[in-house]
Protein chains: 2
Amino acid sequence: MPDNKAKTLKPASDAVEILHRRLYEGKPARLKNLEEARANEEIARRIQELRAAAALTQTQLAKLIGTTASVICRLEDADYEGHSLAMLRRIAGALNQRVEIRFVPIRRSA
Amino acid sequence: MPDNKAKTLKPASDAVEILHRRLYEGKPARLKNLEEARANEEIARRIQELRAAAALTQTQLAKLIGTTASVICRLEDADYEGHSLAMLRRIAGALNQRVEIRFVPIRRSA
DNA sequence: CAGTCTATTCGCAATATTGCGAAAACGCAA
DNA sequence: TTGCGTTTTCGCAATATTGCGAATAGACTG
């Protein structure tokens with residue numbers, strides 16, 4: 001590690017405090033929510049795309065994964081914020097896909 | 001961490017993968033569960049990797065996202081199956097990452 | 001050895017997501 | 001217009017995930 005500062009015991013928690021401050025000062029909650037909202041919107045659209053590509057109705061897809069059409073509709077709603085990994089996997093499975101999850105670094109332009 | 005197998009890397013898993021593919025070929029349900037289990041394991045490991053790379057303890061990361069260490073520990077447990085998109089995003093956000101979700105086609109049968 | 005930091009496990013309450021039916025709205029074609 | 005299939009919205013129960021403290025175990029140091 002390039003950090004040559006003496007590793008005293010206390011500074012660690014202070015650093016966390018600072019990080020915490022930076023996290024929420026540099027990146028306002030509303031901006032974070034915006035990005036999340038857009039991500040959810042994309043998921044919803046993708047589900048609809050895949051279902052359409054498979055030529056299935058909401059009811060048909062619902063039956064494939066053992067639920068009802070209203071649930072599928074909710075998933076395809078761009079404003080829905082409750083996407084879970086479990087549900088995405090069920091959808092993907094029925095559509096012959098798999099869900100890939102990646103953590104990618106955010107490049108924060110200085 | 002009593003479970004040290006998380007530290008083993010991929011090399012040996014290829015053979016295991018082949019064996020499992022032979023055993024479970026034609027049995028989608030079980031294969032699917034296996035893949036899910038492995039995916040969860042990978043997520044858990046990834047979270048731990050990212051946290052370690054950020055030089056944070058579970059308690060520190062927990063505070064960053066407004067929760068407790070036991071929750072982080074649970075997320076890093078390879079056997080945990082309750083990963084949610086919401087939580088992954090909170091973790092990612094605190095670690096300066098974003099969660100990317102992709103649906104990728106499964107090529108069934110080999 | 002004691003002391004400290006870290007990680008892990010357990011239990012239960014609080015919150016979030018899903019299940020599911022019903023009704024209404026939409027699109028389209030006869 | 002009607003009829004039919006599809007989609008959307010709503011409400012609530014059922015299930016799943018999270019919050020959180022407390023207790024335990026492990027690693028490391030003096």
Side-chain angles (χ1 to χ4, degrees), chain A residues 6-17 20 33 36-37 39-41 43-94 99 101, chain B residues 1-7 33 36-37 39-41 43-94 99 101:
Chain A
K7 257 198 154 181
T8 53
L9 298 179
K10 214 137 195 230
S13 63
D14 289 342
V16 172
E17 294 296 330
H20 190 229
N33 289 340
E36 271 189 28
N40 285 331
E41 196 178 318
I43 291 175
R45 191 179 57 235
R46 190 86 182 93
I47 291 175
Q48 199 200 354
E49 282 175 2
L50 289 175
R51 177 177 62 83
L56 295 174
T57 66
Q58 290 179 341
T59 302
Q60 289 173 329
L61 176 55
K63 282 180 181 170
L64 279 181
I65 67 171
T67 185
T68 58
S70 60
V71 171
I72 303 298
C73 180
R74 186 163 50 196
L75 296 178
E76 293 182 359
D77 181 353
D79 293 335
Y80 183 61
E81 298 179 353
H83 293 292
S84 77
L85 214 37
M87 180 59 86
L88 293 183
R89 280 172 177 161
R90 288 165 64 188
I91 298 290
V99 177
I101 306 244
Chain B
M1 179 185 274
D3 188 353
N4 286 336
K5 77 182 178 206
K7 297 208 163 153
N33 290 339
E36 270 188 32
N40 286 330
E41 196 178 318
I43 290 175
R45 190 179 60 232
R46 191 84 182 96
I47 291 175
Q48 198 201 358
E49 282 177 1
L50 290 175
R51 177 176 63 81
L56 294 174
T57 65
Q58 291 179 341
T59 301
Q60 289 171 331
L61 176 56
K63 282 182 182 169
L64 279 180
I65 67 172
T67 186
T68 59
S70 59
V71 171
I72 303 298
C73 181
R74 188 162 50 196
L75 297 178
E76 293 182 359
D77 180 353
D79 293 334
Y80 183 61
E81 299 179 352
H83 294 293
S84 76
L85 215 38
M87 180 59 86
L88 293 183
R89 279 171 177 161
R90 289 166 63 190
I91 298 289
V99 177
I101 303 224

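Throughout, a chain's letter reflects where its sequence line sits, starting with A, and its residues are numbered from 1.
Listed candidates were C/dT18, D/dT8, D/dT18. Nearest to the side chain of B/Met87 is D/dT18. The side chain of A/Cys73 sits closest to D/dT9 out of D/dG21, D/dT9, C/dT8. The side chain of A/Val71 sits closest to C/dG19 out of D/dT8, D/dT18, C/dG19.
Side-chain atoms of B/Thr59 and B/Thr57 form no donor-acceptor pair, as typed in the model, at a separation below 3.5 Å.
An OP1 or OP2 oxygen of C/dA7 is reached within less than 4.0 angstrom by a side-chain nitrogen or oxygen of B/Arg51. Listed pair B/Arg74 / D/dA16 fails the phosphate criterion, with no side-chain N or O lying under 4.0 Å from OP1 or OP2. Contact annotation: A/Thr67 reaches the phosphate of C/dG19 (side-chain N/O to OP1 or OP2, under 4.0 Å). At the phosphate of C/dA16, neither OP1 nor OP2 sits under 4.0 Å from any side-chain N or O atom of A/Tyr80.
To the nearest angstrom, P of D/dT17 lies 13 Å from CG of A/Leu88. Atom CG of B/Asp77 is separated from atom P of C/dC10 by 10 Å (rounded to the nearest Å). In this structure, CD1 of A/Ile72 is placed 12 Å from C1' of D/dT7, rounded to the nearest angstrom. Rounded to an integer number of Å, the gap from CG of B/Leu75 to C1' of D/dT17 is 10 Å. Between B/Arg90 atom CZ and C/dT15 atom C1' the separation is 11 Å, expressed in whole Å. One interatomic measurement links the two molecules: CD of A/Gln58 to P of C/dG21, which rounds to 16 Å at whole-angstrom precision. Atom-to-atom, CG of B/Leu61 to C1' of D/dT18 comes out at 15 Å; the value is rounded to the nearest Å. Across the protein-nucleic acid pair, A/Glu76 atom CD and D/dT6 atom P stand 14 Å apart, rounded to whole Å.
Here the CG atom belonging to A/Leu50 is positioned 9.5 Å from the CD1 atom belonging to A/Ile91, to the nearest 0.5 angstrom.
Between A/Glu76 and A/Arg45 there is no salt bridge, since no side-chain N of the basic residue sits under 4.0 Å from a carboxylate O of the acidic one.
Using a 4.0 Å heavy-atom distance criterion, A/Glu81 is classed as a sugar-phosphate-only contact. Nucleic acid contact class of B/Ser84 (heavy atoms, under 4.0 Å, all strands): sugar-phosphate only.
The one candidate from B/His83, B/Met87, B/Arg89 that meets the side-chain contact (heavy atoms from CB on, under 4.5 Å) condition with B/Leu85 is B/Arg89.
Between the side chain of B/Ser70 and the base of D/dG21, at least one donor-acceptor pair of N or O atoms lies under 3.5 Å.
For the pair A/Ala62 and A/Ala69, the tightest heavy-atom approach, listed with the atom from each and the gap, is CB-N, 3.6 Å.
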